[in-house]
Amino acid sequence: MVRVRVRQHVNPLAQKYQTPANPLDWEKIYTKPKQPLHLDIGCARGRFLLQMAQIEANWNFLGLEIRQPLVDEANRLRDELELQNLHYLFCNVNNSLRSLLSTFPPGTLQRVSIQFPDPWFKNRHAKRRIVQPELVAELSEYLIPGGIVFLQSDVEFIAIEMCDRFAVHPSFQRQGSGEWLTENPLPVSTEREIATQKKGEPVYRAVFERVRISKF
């Protein structure tokens, strides 16, 4: 398959990305819609989920991506492999996540990954980054207690910012001693992760668990 060429940076605040995604009928998307769901936010070309879906057939996988040509290509490849537990969706996660999460079968969202998001280095562009407080709050409402959020980046200040935003929310607790994870806890590495490690550069990883908040 010819690799699709698209712009690497897409401004999520642009007017063309302000229409939220329409809710989907998950019973038409997945053969077994009540299986545990892994949500990958910013899935890019989707190769990570493509491998995960084949390794963990008892899970469903959903990749969200703002660059539509990548989503179209990923869904074509999924169809070629006849995978019934995988779907890719074009959307701006920062204005579509709640409407999508609210339609998931209750209790199915059990794992979330946000890997190597666009860092938007300049301070004036910080609101274009994926992990905003609103996104953390929305995930806290739908991720089951005991569910996990896996974060990683090759940009340290972005990894720190993501972790800080989950750490300040009472529904999330960082696993481990607070140090960066030396290994990926998932069985598949992303293309960016592999390329970064081949160059001998660090990857900053952390896992947060959705905890149950006592009302007393």
Side-chain angles (χ1 to χ4, degrees), residues 10-30 32-44 46 48-49 52 59-68 70-71 74-75 85-118 120 125-153 158 161-174 206-213 215:
V10 173
N11 177 11
L13 302 182
Q15 186 60 40
K16 64 183 293 186
Y17 300 115
Q18 297 316 298
T19 302
N22 293 322
L24 298 178
D25 183 347
W26 301 112
E27 292 189 357
K28 295 181 180 179
I29 299 296
Y30 300 115
K32 299 178 180 178
K34 294 185 178 180
Q35 289 190 146
L37 177 69
H38 178 148
L39 174 66
D40 190 40
I41 297 176
C43 65
F48 162 75
L49 285 189
M52 289 290 293
W59 280 70
N60 289 329
F61 295 87
L62 176 63
L64 305 182
E65 173 57 44
I66 199 170
R67 293 167 291 181
Q68 187 161 13
L70 297 185
V71 172
N75 277 324
N85 64 332
L86 173 63
H87 186 68
Y88 301 97
L89 181 66
F90 161 67
C91 73
N92 179 353
V93 68
N94 292 117
N95 63 25
S96 299
L97 185 60
R98 183 179 295 279
S99 64
L100 294 173
L101 293 177
S102 66
T103 64
F104 290 162
T108 55
L109 183 59
Q110 298 189 24
R111 193 165 62 204
V112 178
S113 53
I114 306 174
Q115 305 180 79
F116 303 93
D118 192 331
W120 292 105
H125 292 159
K127 286 193 174 293
R128 299 180 183 183
R129 296 172 190 154
I130 286 179
V131 181
Q132 302 291 335
E134 294 81 7
L135 179 139
V136 175
E138 290 167 1
L139 288 176
S140 75
E141 294 182 35
Y142 295 95
L143 187 63
I144 67 165
I148 68 164
V149 178
F150 174 52
L151 307 171
Q152 64 173 340
S153 177
I158 290 297
E161 180 181 83
M162 291 195 295
C163 288
D164 286 348
R165 288 184 168 168
F166 277 94
V168 299
H169 196 287
S171 293
F172 290 102
Q173 186 174 83
R174 188 168 180 170
V207 171
F208 283 81
E209 180 181 352
R210 169 68 165 86
V211 297
R212 192 182 301 275
I213 302 175
K215 297 182 179 180

Minimum heavy-atom separation for W59 and Q110, please, with both atom names. CH2-CB, 3.8 Å
Applying side-chain contact (heavy atoms from CB on, under 4.5 Å), run through Q35 and Y30 and close with a yes or a no. CA-CA 9 Å; Q35 289 190 146; Y30 300 115; over 6 Å; no
Please name the pair of heavy atoms, one in A21 and one in S99, separated by the smallest distance, quoted to 0.1 Å. O-OG, 3.6 Å
Minimum heavy-atom separation for L101 to E138, with atom names? CD1-O, 3.7 Å
Any side-chain to backbone donor/acceptor pair from N60 onto K34? Under 3.5 Å, distance only. no
Say you draw a straight line from CG of L151 to CZ of R174; how long is it, rounded to the nearest 0.5 Å? 8.5 Å
Stepwise side-chain contact (heavy atoms from CB on, under 4.5 Å) test for D118 and I130: CA-CA 8 Å; D118 192 331; I130 286 179; over 6 Å; no
Would you check if S102 and Y142 make a side-chain contact, meaning some heavy-atom pair closer than 4.5 Å? yes
Where the side chain of E65 meets the backbone of A44, is there a donor-acceptor pair that is under 3.5 Å apart? yes
Using a 3.5 Å distance criterion without hydrogens, assess whether the side chain of Y88 forms a donor-acceptor pair with backbone atoms of G46. yes
Roughly how far apart are S96 OG and L64 CG, rounded to 0.5 Å? 8.5 Å
Heavy-atom distance under 4.5 Å between the side chains of L39 and L143, does that happen here? no
I want to check something: taking the side chain as every heavy atom from C-beta on, are I66 and V93 in contact at a cut-off of under 4.5 Å? no
Identify the two heavy atoms, one from P105 and one from W26, that lie closest to each other, and give their separation to 0.1 Å. CD-CD1, 4.1 Å
NZ/NE/NH1/NH2 to OD/OE distance under 4.0 Å, E141 and R98: yes
T103 side chain to L100 main-chain N or O, any donor-acceptor pair under 3.5 Å? yes
Go through the steps for R111 and F61 under the test side-chain contact (heavy atoms from CB on, under 4.5 Å), then give the verdict. CA-CA 9 Å; R111 193 165 62 204; F61 295 87; 3.8 Å; yes
Could you tell me the separation between the CG atom of N95 and the CG atom of L135, rounded to the nearest 0.5 Å? 11.5 Å
Tell me, with the steps shown, if L139 and F166 meet side-chain contact (heavy atoms from CB on, under 4.5 Å). CA-CA 10 Å; L139 288 176; F166 277 94; 4.0 Å; yes
Here the pair of heavy atoms bringing S113 nearest to D40 is OG-OD1, 2.5 Å
Heavy atoms, side chains only, cut-off 4.5 Å: are N75 and H87 in contact? yes
Measure up the H169 and F172 rings against each other and bin them: parallel (under 30°), tilted (30 to 60°), perpendicular (over 60°). perpendicular
So does V131 get a backbone contact from the side chain of R165, meaning a donor-acceptor N/O pair under 3.5 Å? yes
Return the minimal non-hydrogen interatomic distance between I158 and P117, and the atom names on each side. CG2-CG, 4.2 Å
